[in-house]
Amino acid sequence: MTDPVVAAPPVPALRPLAWIGRWSRLRLQFLLRLMALAAGVVVESLTIRAWRRPARMEFRRVLRQTIAGSLPAVVVVAALLGLGMVFQALYWLRVAGQEGSIGTILVTVLLREVLPLLVGVILLGRSGSIILIELGHMQQSRQFHALLRHGIDPFNFLIMPRGVAFALASYTLGIVFVLVTLLVGYCAAALLGVVQTSVWSFLDDVLRATGPRDFAVFPVKMLAIGLMTATATTLTALSAGPDEDIGQLAARGFVRGMLAVMVTSGFLSLAT
């Protein structure tokens with residue numbers, strides 16, 4: 001009869017490496033779960049059987065709530081950005097004699113980088129916190145288990161509709177944001193005599209500077225940011241303990257959502 005194998009005690013010199021491994025595994029665990037949840041939302045949303053009547057009703061409710069809750073903040077921030085960026089760009093490019101570069105600068109700075117981040121932050125703060133509180137309370141009160149006992153899949157009923165609704169809301173708010181920013185900046189410049197061209201010529205310059213890659217990347221980036229915002233807050237809510245304070249849960253969800261928005265935007269910018 002062979003003796004049982006006894007594990008050797010850890011070498012003291014390897015303990016720092018073991019600690020780094022545990023820390024990295026815990027951090028990557030959330031990232032992998034986040035990617036798996038987002039992929040599950042995308043795949044499941046493409047199947048017809050997932051869009052039963054309760055899922056459609058929840059999708060419409062969340063989409064309406066998300067757009068209505070974030071639209072005022074989007075309009076205000078877009079107007080301020082129009083005064084602070086578009087107007088300033090028009091003014092200083094006129095002083096430098098480079099009015100023809102206005103489209104390229106606005107597309108490079110505003111459309112590709114600044115706008116997706118701001119919309120993601122607004123969406124996270126105004127609507128992501130609502131998801132976090134709703135699902136966190138359901139997790140603490142074990143309502144997910146009650147849905148399973150009644151034969152209802154919580155993923156198709158609660159998680160998937162929210163992910164799709166946030167993705168579409170992010171794209172819609174992004175379109176509103178860019179239109180308000182450009183129009184407010186142009187109107188301010190026209191009232192102060194900075195520009196002499198019509199608004200149609202100004203918009204034409206911006207459209208001419210927008211290449212095919214921008215038309216393809218912008219929708220993908222906005223949809224991805226909305227989806228990752230919803231999945232980050234949902235995953236945080238599902239990890240809520242039975243006695244965990246909702247305020248602490250909301251703070252952790254906001255940090256994770258911010259990281260998800262910035263990483264998604266940065267990755268898509270580098271990839272394209």
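Bear in mind that the values here come from a model prediction, so they are computed numbers and not experimental data.
For the pair Gly103 and Ala209, the tightest heavy-atom approach, listed with the atom from each and the gap, is C-CB, 3.3 Å. The shortest heavy-atom contact between Gly226 and Leu123 is CA-CD2, 4.0 Å. Between Leu83 and Ala188, the shortest heavy-atom distance links the atoms CD2-CB, 3.6 Å. Across every non-hydrogen atom of Pro116 and Glu113, the tightest pair is CD-O, 3.4 Å. What you find for Gly136 and Leu249 is that their closest heavy atoms are CA-CD2, 4.1 Å. Here the closest non-hydrogen pair linking Thr229 and Gly120 is OG1-O, 4.4 Å.
Between Asn156 atom CG and Arg49 atom CZ the span is 6.5 Å, to the nearest 0.5 Å. Between atom OG1 of residue Thr233 and atom CZ of residue Arg162 there is a gap of 9.5 Å, rounded to the nearest 0.5 Å. Between Ile102 atom CD1 and Leu90 atom CG the span is 4.0 Å, to the nearest 0.5 Å. If you take CZ on Phe177 and CD1 on Ile122, they are separated by 5.5 Å, rounding to the nearest 0.5 Å. With rounding to the nearest 0.5 angstrom, the CG atom of Leu132 is 9.0 Å from the CG atom of Leu124. Atom NZ of Lys221 and atom OH of Tyr171 lie 14.5 Å apart (nearest 0.5 Å).
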Item to complete: Using the side chain to side chain contact (heavy atoms under 4.5 Å, CB included) rule, take Val206 and Leu111 through it: C-alpha gap first, then chi angles, then the decisive distance, then the call.
Response: CA-CA 10 Å; Val206 176; Leu111 191 67; over 6 Å; no
Practice prompt. Let me see the working for Ile159 and Glu44 under side chain to side chain contact (heavy atoms under 4.5 Å, CB included), right down to the final yes or no.
Written response: CA-CA 11 Å; Ile159 299 175; Glu44 195 68 18; over 6 Å; no
Discussion item. Using the rule given for side chain to side chain contact (heavy atoms under 4.5 Å, CB included), can you reason through Val42 versus Val164, listing the C-alpha separation, both sets of side-chain angles and the distance that settles it, and then say yes or no?
Written reply: CA-CA 8 Å; Val42 174; Val164 178; over 6 Å; no
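Hydrophobic clustering, with ILVMFWY side chains joined whenever heavy atoms are under 4.5 angstrom apart, groups Trp200 together with Tyr186. Ile225 and Phe218 sit in two unconnected hydrophobic clusters of ILVMFWY residues. Membership requires side-chain heavy atoms under 4.5 Å apart, directly or through other members. Under the 4.5 Å side-chain heavy-atom criterion for Ile, Leu, Val, Met, Phe, Trp and Tyr, Ile130 and Val41 are members of distinct hydrophobic clusters. Each of Met228 and Leu117 belongs to its own hydrophobic cluster when Ile, Leu, Val, Met, Phe, Trp and Tyr are linked at side-chain heavy-atom distances under 4.5 angstrom. Taking hydrophobic clusters as Ile, Leu, Val, Met, Phe, Trp and Tyr residues chained together by side-chain heavy-atom distances below 4.5 Å, Val86 shares a cluster with Val109.
Residues Thr234 and Phe166 have side chains not in contact (no heavy-atom distance under 4.5 Å, counting atoms from C-beta outward). With a 4.5 Å cut-off on side-chain heavy atoms, Leu37 and Phe155 count as touching. Contact check for Trp51 versus Met160: side-chain heavy atoms found under the 4.5 Å cut-off. For the pair Val184 and Phe87, the minimum side-chain heavy-atom distance is 4.5 Å or more. The closest side-chain heavy-atom distance from Arg112 to Ser269 is not below 4.5 Å. Side-chain contact between Phe144 and Leu238: present, with at least one pair of heavy atoms (C-beta onward) separated by less than 4.5 Å. The shortest side-chain heavy-atom distance between Gln139 and Leu135 does not fall under the 4.5 Å cut-off. Under the 4.5 Å side-chain criterion, counting only non-hydrogen atoms from C-beta, Asp153 is not in contact with Leu147.
Counting only distance, with no hydrogens or angles, the side chain of Asp205 and the backbone of Phe202 share no donor-acceptor pair below 3.5 Å. At least one donor-acceptor pair under 3.5 Å links the side chain of Ser170 to the backbone N or O of Met222. With hydrogens and angles disregarded, a donor-acceptor distance shorter than 3.5 Å links the side chain of Ser239 to the backbone of Thr236. With hydrogens and angles ignored, the 3.5 Å screen pairs a side-chain donor or acceptor of Arg126 with a backbone N or O of Gly69. Ser70 places no side-chain N or O within donor-acceptor distance of the main-chain N or O of Ile67, the cut-off being under 3.5 Å. A distance-only check finds no donor-acceptor pair linking the side chain of Thr66 to the backbone of Leu63 [under 3.5 Å]. Under a 3.5 Å cut-off, the side chain of Arg256 and the backbone N or O of Arg252 do not form any donor-acceptor pair.
Annotation for Arg61: atom CZ counts as buried by contact number, over 12 foreign heavy atoms lying within 6.0 Å. The environment of NE2 in His137 is sparse: at most 12 heavy-atom neighbours from other residues, nucleotides or ligands sit within 6.0 Å. Crowding of Tyr91 atom OH: a count of heavy atoms from other residues, nucleotides or ligands under 6.0 Å not exceeding 12.
Applying side-chain contact (heavy atoms from CB on, under 4.5 Å) to Leu179 and the options Leu182, Ile175, Thr181 leaves one that passes, Ile175.
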